[in-house]
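Small disclaimer: the values here were computed from a predicted structure and weren't measured.
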Amino acid sequence: MKIQGISFTELAARFGTPLYVYDGDVLLQTLSDLSEALHPALETFFSLKSNPNASVFATLREGGAHAEVSSLLELRTALLAGADPRNIIFLGPGKSDEELDACLEAGIYAIVAESFDEVDRIDELAAGRGVRQRVLLRINPEFTVRGSRLTMGGKPRQFGIDEVQVLGAGKLSSRWRHAEPAGIHVYMGTRILDTKVVGENTRYVLELADRVAAATRIPLEAVDIGGGLGVAYFEGEEDLSPASVAREVNPAIDEFVRNHPATRLLLEAGRYLTARAGTYVVAVRYVKESMGEFFAIADGGTNHHMAAVGIGSVVKHNFPVRLLNRESTDGELQRWNVTGPLCTPTDTLLKRGAMPSLRAGDLLGIARSGAYGPSASPGHFLGHGFPAEVLVRDGVAHLVRSRDLPDDLLRKQHLYGGVESPENTRDGVS
C-alpha cells in the first residue's frame, strides 16, 4: 500500500483522485534489466505513444533510452525532456507537412516513411530547406507474426510499404536527391509474450534487411526491428524474462553485427518499459447491490483507463486491482464490479473480481497501468477531463501533470454569437 515509502492514502490526500502514479525506480530497473540482457549493439527507443508524459520519458532517458515519436507534440515532448535529436525517430502513416518540417528543423536521426509517396514529400520539403534527411523505409512484411495480440503487418495495412513492392522497386539509393533511404523498419505486432516469437520476428527482419539492401542498393545505416514486447495483465499470463528474450534474440543480432558492424540496430519498447511502473488510483464514492451483484462506483473509469475496460475483447478480462487504503479484516472475499462515473454500461474497471467488502472512501489501485492510460482514453467524455499524474523519484512525489479542471476545458470553447469571454478576447478570437 506504499510506493517508495509513501502511502497511496497520502498521495490521494495531497493530489486528489483519480490519479496516475508512476514509480521511477521501476521504470529505471525495467530498462536496466532489459538493456543488460540484450546484445550491446541493440539500442532501446522508448515509444512515447505508450506514455507521453515528459517526466516519464526524462526518467527513461536518464537510463539510456532514446525516443520514438509519432506526432508533433511527442517530438516536442522528447526534446523538452532532453533527447538528443540524433537519437529520435519519427514514424506514423499520416504525417503532416508541419510534422515533417519540424523533423527537418530539429535534425532528427530518421523519419520512418510509410509509403513511397511520403518519401517524395520528404524529398520536396528537404529540398526547400537545402538539407538531406535520412529515411527508414517501413516495410509491411509478407511474414505474419504469431502470438501477437495485435498484428501490425502481413496483411493489407495502412502501415508501411509491402515487402514485394520494396523488393521490386529497383535501385532506390539514388532515386531522391534530398531524402536518403538508409535502412528499414519493421513492426510485426504488439503485446507478444512468447520469447520464441520475438526471436523468430527478429531473425526475419534482419534477413529481410539484407534482401532489401541487395535489391535496392540502399545502405544499411540502421535497421529497426520493432518491438512488441508484452506485459502480463491477465490470469494465466506470464511476463517476458529479459534473459529468455536475450537467448532468442542475441545470437541473431551477433551474427548480423559481424556482417554489418557499422549498422545501427534499434529496438522499440513502450508498454514493456512503463506498464508495470504505473498505478491508476480511484476512490470509491458509493457502494450498492443490484440483483444479487455488488457494485462500487468510483470517481474514475473508462475515461482515463480504456485499456482496463477490455475494449476489443469478447470476454472482459480484469487488470490486477488492489485495495490501497486499509488492510481487510472481513475474511471472505466477495465478487465486486468496480465502475466509473460515466453514463455507459461499458464503464467497468473490474467485472466480478474477488475483493474484500468495499465501502465509500476506499482507495483502489489498478496495477500495471503505466502504458496506454490517459492518452488512449476518452478523457473528455462527460467533461471530466484527464487526471493528475505523479512520478515518485528517490522517495519524493512530483506532480508531473495537473488534472484538468472545468475552466481548462471551457477555455477552448467559443460561444458563437454570444458575449465574448475575457479568455477569448485575450486570444484574439471573437
Side-chain angles (χ1 to χ4, degrees), residues 45 47-49 67-76 78 85 88-145 150-190 204-205 208-227 264 266 268:
F45 279 67
S47 300
L48 268 76
K49 64 175 69 67
E68 177 252 293
V69 301
S70 296
S71 71
L72 180 58
L73 179 58
E74 288 186 4
L75 173 59
R76 293 181 62 177
I88 298 176
I89 61 172
F90 193 117
L91 59 87
K95 305 177 192 70
S96 67
D97 281 1
E98 183 182 17
E99 290 169 332
L100 294 174
D101 268 325
C103 292
L104 297 171
E105 182 176 356
I108 71 169
Y109 178 71
I111 299 173
V112 179
E114 314 254 355
S115 65
F116 287 132
D117 192 40
E118 183 183 330
V119 184
D120 291 340
R121 189 61 185 143
I122 295 169
D123 188 59
E124 292 173 10
L125 293 172
R129 287 178 171 268
V131 299
R132 296 177 66 84
Q133 174 61 54
R134 182 183 292 105
V135 172
L136 302 184
L137 300 177
R138 179 167 182 173
I139 298 179
N140 178 25
E142 295 279 305
F143 181 78
T144 302
V145 65
L150 179 61
T151 301
M152 305 292 284
K155 299 179 180 179
R157 295 292 189 192
Q158 70 268 44
F159 306 113
I161 311 165
D162 288 353
E163 177 181 324
V164 65
Q165 293 177 356
V166 175
L167 294 175
K171 185 178 179 181
L172 296 178
S173 56
S174 58
R175 178 168 167 177
W176 298 276
R177 294 184 60 191
H178 294 272
E180 298 180 350
I184 70 167
H185 168 286
V186 183
Y187 196 95
M188 308 290 281
T190 186
Y204 183 86
V205 174
L208 176 60
D210 277 329
R211 286 194 287 129
V212 168
T216 66
R217 308 288 181 86
I218 68 172
L220 289 181
E221 293 182 23
V223 175
D224 187 332
I225 65 172
R264 193 173 186 183
L266 286 57
E268 296 172 20

Looking at [Y], is its backbone amide N or carbonyl O close enough to the side chain of [X] to form a donor-acceptor pair, meaning the two atoms are under 3.5 Å apart?
| X | Y | value |
| --- | --- | --- |
| D123 | A179 | yes |
| E114 | G92 | yes |
| R134 | Y109 | yes |

Are [X] and [Y] packed together at the side-chain level, in the sense that at least one heavy-atom pair is separated by less than 4.5 angstrom?
| X | Y | answer |
| --- | --- | --- |
| R132 | W176 | no |
| V69 | I108 | no |
| T216 | L137 | no |
| V212 | L167 | yes |
| E268 | I89 | yes |

Heavy-atom closest contact ([X] atom, [Y] atom, distance):
| X | Y | result |
| --- | --- | --- |
| Y187 | G226 | CD1-CA, 3.7 Å |
| P85 | G107 | CB-O, 3.7 Å |
| M188 | Y204 | CE-CD2, 4.3 Å |
| P181 | P219 | O-CD, 3.5 Å |
| L75 | A102 | CD2-CB, 3.8 Å |
| A126 | L104 | N-CD1, 3.7 Å |

For residues 89-101, which residue pairs pass the salt bridge (charged side-chain N to carboxylate O under 4.0 Å, His left out) check, not counting sequence neighbours?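 For residues 89-101, and leaving out neighbouring residues, the salt bridge (charged side-chain N to carboxylate O under 4.0 Å, His left out) pairs sorted by first residue read K95-E118, D97-R121, D101-R129.
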
State which residue, out of V186, I184, L91, V166, fulfils the side-chain contact (heavy atoms from CB on, under 4.5 Å) condition with R138.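 Per the side-chain contact (heavy atoms from CB on, under 4.5 Å) rule, the option paired with R138 is L91, out of V186, I184, L91, V166.
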
By salt bridge (charged side-chain N to carboxylate O under 4.0 Å, His left out) - contacts of R211 (at least two apart): E163, E207

Only counting residues at least two apart or in another chain, list the ones meeting salt bridge (charged side-chain N to carboxylate O under 4.0 Å, His left out) with R175. none

From [atom1] ([X]) to [atom2] ([Y]), nearest 0.5 Å:
| X | Y | atom1 | atom2 | value |
| --- | --- | --- | --- | --- |
| I88 | I111 | CD1 | CD1 | 11.5 Å |
| R264 | E221 | CZ | CD | 10.5 Å |
| E68 | K49 | CD | NZ | 3.5 Å |
| S173 | I218 | OG | CD1 | 8.5 Å |
| C103 | L125 | SG | CG | 10.5 Å |
| L48 | F90 | CG | CZ | 11.0 Å |

Does E105, at its CD atom, have more than 12 non-hydrogen atoms belonging to other residues, nucleotides or ligands within less than 6.0 Å? no

